[in-house]
Amino acid sequence: MDGGDYSVAGGVEDVYGEDAASMDQPVTPWTVSVASGYSLMRDPRHNKGLAFTEKERDAHYLRGLLPPVVLTQELQEKKLMHNLRQYQVPLQRYMALMDLQERNERLFYKLLVDNVEELLPVVYTPTVGEACQKYGSIFRRPQGLYVSLKEKGKILEVLKNWPQRSVQVIVVTDGERILGLGDLGCQGMGIPVGKLSLYTALGGVRPSACLPITIDVGTNNEKLLNDEFYIGLRQRRATGQEYAELLHEFMSAVKQNYGEKVLIQFEDFANHNAFELLARYSSSHLVFNDDIQGTASVVLAGLLAALRLLGGTLADHRFLFLGAGEAGTGIAELIALEMSKQTGNPIEENRKKIWLVDSRGLIVDSRKESLQHFKKPWAHEHEPVKELVDAVKAIKPTVLIGTSGVGKQFTKEVVEAMAALNEKPLIMALSNPTSQAECTAEEAYTWSEGRAIFASGSPFDPFEYDGKVFVPGQANNAYIFPGFGLGVKISGAIRVHDDMLLAACLASHLPQPKDLVKYAESCMYSPKYRTYR
Ligand SMILES: O=C([O-])CC(=O)C(=O)O
Ligand SMILES: [Mg+2]
């Protein structure tokens with residue numbers, strides 16, 4: 001396939017001329033009719049602000065609606081970055097960026113693409129967590145689609161209210177476990193919105209193909225239930241059959257409305273629903289659970305990279321997790337699977353090298369009866385151990401991974417125990433946002449006397465210890481889902497398999513990807529302004 005062949009496998013045709021593939025051709029700024037004048041300026045998808053050219057101002061009835069100057073997109077970008085940097089409070093930057101997204105979508109993505117490192121922590125973790133907590137107060141224009149219990153029996157109609165027809169990726173949450181912050185109910189919407197902005201900025205999936213959805217079945221968060229600015233249903237969470245029926249109607253309606261090939265990313269569901277939803281719909285829909293599968297791929301990729309520093313193969317190491325939910329068991333299982341690929345040993349054997357601690361202590365066989373099903377494969381033979389630090393001393397792991405959603409659990413004692421056992425202890429504090437990280441970068445480096453290899457879910461600044469600068473790694477599923485999603489879309493896949501996740505962590509093992517890269521690029525959205533005829 002050469003660069004000029006843009007036939008797309010996944011039913012992902014560039015109807016609105018948004019992709020790099022059609023950059024050189026002028027386009028008609030379609031809304032329902034041709035947008036012009038005032039309405040063109042108010043349409044975030046087509047608005048260019050002061051960058052409308054003289055010709056466009058004449059042709060599209062914009063004369064007088066704008067001051068005389070014509071700016072380049074680059075100058076607009078420079079101005080906006082300057083303005084953003086004036087805000088000291090991250091939430092103010094978040095709100096300014098959301099305003100920009102609603103005003104001038106291409107400029108928003110231009111900023112995001114050109115300043116990823118600086119803006120990722122604003123539109124995404126950790127600031128998005130605070131935004132969700134305060135969503136009711138900072139709420140301006142609604143983003144995404146809200147499906148609540150009120151819409152039961154009418155979900156297909158709700159989907160049809162969404163203005164875009166060519167949706168390719170849906171990120172959906174029910175808000176029950178937003179990052180490590182717990183149940184934020186309907187205010188979880190910030191998460192699908194943030195995730196999908198990365199689908200566009202990092203994965204090149206065009207904005208019109210992205211649909212953020214929040215399913216509101218109530219909340220058990222008392223604070224929100226009593227908050228006069230809360231935006232969701234003011235009732236406790238529906239569970240059991242009522243919950244399952246709403247989700248089933250939703251999943252069926254999505255397939256009916258958007259077809260077999262729409263990618264549905266489950267995000268921040270509570271453990272008790274996440275595993276079940278993934279199992280239930282993975283054979284009938286193109287579904288992907290970011291917290292289970294996305295996190296697992298990124299962490300495995302990180303481990304494989306870290307092995308170059310640690311030495312040995314995966315199977316030579318012992319792993320201890322704090323947290324046995326979606327992320328913990330997802331990562332553990334993918335590690336075991338990769339060990340099997342490498343050694344040929346049965347997966348049951350490999351699981352024995354991986355130990356998990358939950359809120360009740362080390363997961364051991366004597367607890368098996370009372371364990372939730374996703375924890376059972378990790379119940380190995382051992383006497384009960386209550387405290388993490390004792391589990392470290394008993395199991396002697398080379399790798400310690402935090403996925404507990406609870407901050408400050410890797411205490412000085414725990415890190416010191418890891419450092420006493422290992423020349424280079426590998427410590428991953430993956431819970432988000434920063435407040436929930438099991439330890440900070442500074443703590444990991446200091447308490448291990450500069451010997452730890454450290455990665456976290458939320459970003460930490462480089463840290464200087466004993467005259468040496470340590471740059472922490474970030475192991476966040478943001479490093480995989482946008483590219484993974486793009487790959488799924490352009491390959492036309494209709495189901496997600498574990499092998500695809502392994503392939504995503506081992507991308508350097510793929511055959512020469514020269515033409516594939518060209519092809520992928522041609523399918524990717526470009527935030528540069530288009531010329532309007
Ligand atoms: O959103 C993030 O930063 C990573 C993630 O999926 C989570 O913490 O649930
Ligand atoms: Mg998540």
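In each ligand, atom 1 is the first atom listed, and ligand 1 is the first ligand listed. Position 1 is the first residue of the sequence, and the numbers go up from there.
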Closer than 4.0 angstrom, basic N to acidic O: yes or no for Lys152 and Glu242?
no
Has the side chain of Ser456 got a donor or acceptor atom that lies under 3.5 Å from a matching backbone atom of Leu430?
no
Within less than 2.8 Å of the Mg ion (ligand 2), any N, O or S from Glu267?
yes
Atoms in ligand 1 with a heavy atom of Thr125 nearer than 4.0 Å:
1 (O), 2 (C), 3 (O)
Does a side-chain heavy-atom distance below 4.5 Å link Pro425 with Leu400?
no
Hey, does Gln187 have a side-chain heavy atom less than 4.5 Å from the side chain of Leu224?
yes
Give the contacting part of Asp291 toward ligand 1: side chain, backbone, both or neither, where contact means a heavy-atom distance below 4.0 Å.
side chain
So which N/O/S atom does Asp268 have closest to the Mg ion (ligand 2)?
OD1
Checking the N or O distance criterion of under 3.5 Å, is ligand 1 in contact with Thr295?
no
Which atoms of ligand 1 sit under 4.0 Å from any heavy atom of Arg177?
7 (C), 9 (O)
Does the side chain of Val414 reach to within under 4.5 Å of the side chain of Leu322, using non-hydrogen atoms?
no
Against heavy atoms of Glu267, which atoms of ligand 1 measure under 4.0 Å?
6 (O)
Within a strict 4.5 Å, meaning less than it, do heavy atoms of the Ile292 and Phe266 side chains meet?
no
Kindly indicate whether the side chain of Leu506, heavy atoms from C-beta on, has any atom under 4.5 Å from the side chain of Glu338.
yes
Which residue holds the protein heavy atom closest to atom 5 (C) of ligand 1, what is that atom called, and what is the gap in Å?
Asn477 ND2, 3.4 Å
Backbone N or O of Asn271 within a donor-acceptor pair of the Arg177 side chain at under 3.5 Å?
no
Which atom name would you report as the N, O or S atom of Asp291 nearest the Mg ion (ligand 2)?
OD1
Could you identify the single nearest non-hydrogen protein atom to atom 4 (C) of ligand 1 and state the distance to 0.1 Å?
Asn432 ND2, 3.3 Å
Identify, by atom number and element, the atoms of ligand 1 in contact range of Tyr124, meaning under 4.0 Å from any of its heavy atoms.
1 (O), 2 (C), 3 (O), 4 (C)
Heavy atom under 4.0 Å from ligand 1: found in Asp290's side chain, backbone, both, or neither?
side chain
